[in-house]
There are 2 protein chains.
Amino acid sequence: MQEQKRHPTIEDVARTAGVSRAAVSKVLRNAYGVSPAMKERVDAAIEHLHYRPRVAARAMRGSSFTLGIEIPDFGNHFFTRLLGGATRALVGTPYQLIIAPAEGGSQEGYRAIEALADRQVDGIVAISPLVSPEWLERLAERTPLVMLGRHDRSTGYDTVVGDDAAGARLVLDHLLGLGHRRIAHLTRSEDVTVPSSGTPHSIRLAVYLERMRAAGHENQVRVVRTGEGEEAAEAAAAELLRSEPTPTAIFAAHDELAIGALRAVDEAGLDVSVAGYDDIRIAAQPGISLTTVDQSGEEMGERAVRLLLDRIAGRTEPVHEVFAPTLVPRRSTRAPAESVTAGSPAAAAAG
Amino acid sequence: MQEQKRHPTIEDVARTAGVSRAAVSKVLRNAYGVSPAMKERVDAAIEHLHYRPRVAARAMRGSSFTLGIEIPDFGNHFFTRLLGGATRALVGTPYQLIIAPAEGGSQEGYRAIEALADRQVDGIVAISPLVSPEWLERLAERTPLVMLGRHDRSTGYDTVVGDDAAGARLVLDHLLGLGHRRIAHLTRSEDVTVPSSGTPHSIRLAVYLERMRAAGHENQVRVVRTGEGEEAAEAAAAELLRSEPTPTAIFAAHDELAIGALRAVDEAGLDVSVAGYDDIRIAAQPGISLTTVDQSGEEMGERAVRLLLDRIAGRTEPVHEVFAPTLVPRRSTRAPAESVTAGSPAAAAAG
DNA sequence: ACTCGGAATTGAACCGATTCATCGGCTCAA
DNA sequence: TTGAGCCGATGAATCGGTTCAATTCCGAGT
């Protein structure tokens, strides 16, 4: 181990300022009961020694002034939207954000959240959709907790979530309205779409099935599974496009998948509409111009942090907030080539 | 404050297992000198109580088994490439990664790094190019440190950096080779390009100036400044494209800026080549197809973490690693419309 | 039977902050 | 003059682990 200088402690500050440790502690937390004269002396000593309190020591009795946020996947840019909002919400507070990545399997969510709890954070924002509600309830008994993107309504923790049913309906109605009938749904593996598990992807899938049935296209239903990331999505979409009859539109469960699908469509040289979900920044790029659903990730992240701060301040009744999504139609979706007017084959024959 | 259950402590474990606290501690760290029988008893007690040691308490004497990484901007996807590599390098180690975002001004870099140091991390990987070497040296006396993207060669900390001079030369030679003469350089504000400050952007700028001069085009030099993010880059590029004479190519200092520039070019309806730097994932998308320089961010992130682990294990001699970049030519760069063959106006006249 | 040596185990000190009961000094009213 | 009340400041206890010197245990050697 390399030779390292010792950090100055509160004891050192107290000695150089000629006061007690307790006094220094009070100044640090600007607690009640310090004379201006003493505060000045102590501040001078702190400045002189370049003293900084150790969070680990503070955390043993007081609080760590640290909030933890767990993120499943940095590859998904929607999560960076959330992060941006969360970061913004902490400006001007004494809290520091630390992020625990959970890339890997579904078990990584537990690991990352526990890692945060072990570090005595004052509160946690988490995203993993796969951890069980019971486990979260138990966690919430010890640490204030806000979950992002969960539809369960716990009494122990708060939730901030987009209205996935409404958003998926926007997409389906948009595609059906354009005249599409052979609409495929590109989504993640079964474990994140277990029916009525309440994950966003399970809801988007359910709405897809329900809407296709309501429109009388249940025989056109086609659900394609893929792993995380656009490479996997591209491969899955490519395979889909090779099989007959090819769909005229693909509803991807989130934008990263949609980006991969666009790649496959481009590669295959077909005219297939693609819609995504999340409205990540790149979706607006002219060369991509992806139709998608905006669920204002920054605001969700910001709101989650504010709820957490409320909870730390003492609130105990749970809050469950739902954000209304909006459709952002762009060039990646258009009427199918084969039918001239929407929804009416007769019109096409007459044209 | 909401009523919260008490965490089980090492004392509780010791009591239920019928051994001493010291014994439990040894089992936790699987240190030398525990009988299999005792280990089994202790493990059972830990399991039974759902005990998890508190990192804060461990950190007071031992280590926190936490590595910190400071990231200036989540909006820049190159940094998420670095993060991906860093995360991968920690799989299978007892260390947990925590990330401190430094979004905001240049002072945020100091804040975020200090926040990590305050949290007693066992080592730090940092990216901010603007913090001073002296400050970093002082930090490195206390905490093992690896800097990403810095060209200074400190004795106190390691560095992992791409060869920015070589990378920029690849881009310039590519553009010049295609026949471009009016090449503009789109880069960040002056504070990150101070000459010989050693920041990547200062080097890319210096190479641009040097190459333009060497090719005899110093009168075509055009440096455009922009803030962070593609919106700002788009605005700056749009303004550039409105001024006469319009450049035939834009070398953007990194891909996010290039994406913004592409947007402005598309908007203006001009035929202007755009090249970037970093090879973020989206650059390969068909609709974007951005010519750029790959500096294998994942490997850099991975390498940085490995060097940090080495340092924690005891290494003291500094290591300075340089990654060789490669050019990735794509459709966003092509020969300028006005000259038929490269570099020879005479040939165009004869054609 | 007795000593010796090494491994297993323990008790107590320690890390650096916060917290709280207590104390000293000062003001002001009786 | 005395005592109540208040405020600023302090010493000691405390948080939950790790570390280390000291102690016990156990089997081998004489």
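Owing to the predicted nature of the structure, the values given are computational and were not obtained by experimental measurement. Just so we're on the same page: letters track the sequence lines, and every chain starts at 1.
Among all heavy-atom pairs drawn from B:Ala17 and B:Ala45, the shortest one is CB-CB, 3.8 Å. Residue A:Leu130 comes nearest to A:Arg150 through the heavy atom pair N-NH1, 4.3 Å, listed as atom of the first residue, atom of the second, then distance.
Side-chain contact of A:Thr66 with B:Arg119: a donor-acceptor pair under 3.5 Å is present, judged by distance alone.
In this structure, B:Glu134 does not pair ionically with B:Arg138, as no charged nitrogen and carboxylate oxygen lie closer than 4.0 Å.
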Item to check | CA sep, side-chain torsions, deciding dist, call: A:Ser25, A:Arg21, side chain to side chain donor-acceptor pair (under 3.5 Å) | outcome: CA-CA 6 Å; A:Ser25 175; A:Arg21 296 217 308 276; over 6 Å; no
Item to check | Audit row: B:Glu137, B:Ser154, side chain to side chain donor-acceptor pair (under 3.5 Å) steps and yes/no | outcome: CA-CA 8 Å; B:Glu137 290 283 4; B:Ser154 152; 2.6 Å; yes
Next on the checklist: Walk me through whether B:Ile124 and B:Tyr157 qualify under side-chain contact (heavy atoms from CB on, under 4.5 Å).
Outcome noted: CA-CA 10 Å; B:Ile124 294 177; B:Tyr157 51 88; over 6 Å; no
Checklist entry - What one-letter contact string describes nucleotides 9-16 of chain D from 5' to 3', where B marks a base within less than 4.0 Å of any protein heavy atom, S marks contact via sugar-phosphate atoms alone, and - marks no contact? => result BBB-BBBB
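Contacts between chain B and DNA chain C, taken as any atom within less than 4.0 angstrom of a protein heavy atom, begin and end at C:dA7 to C:dG16.
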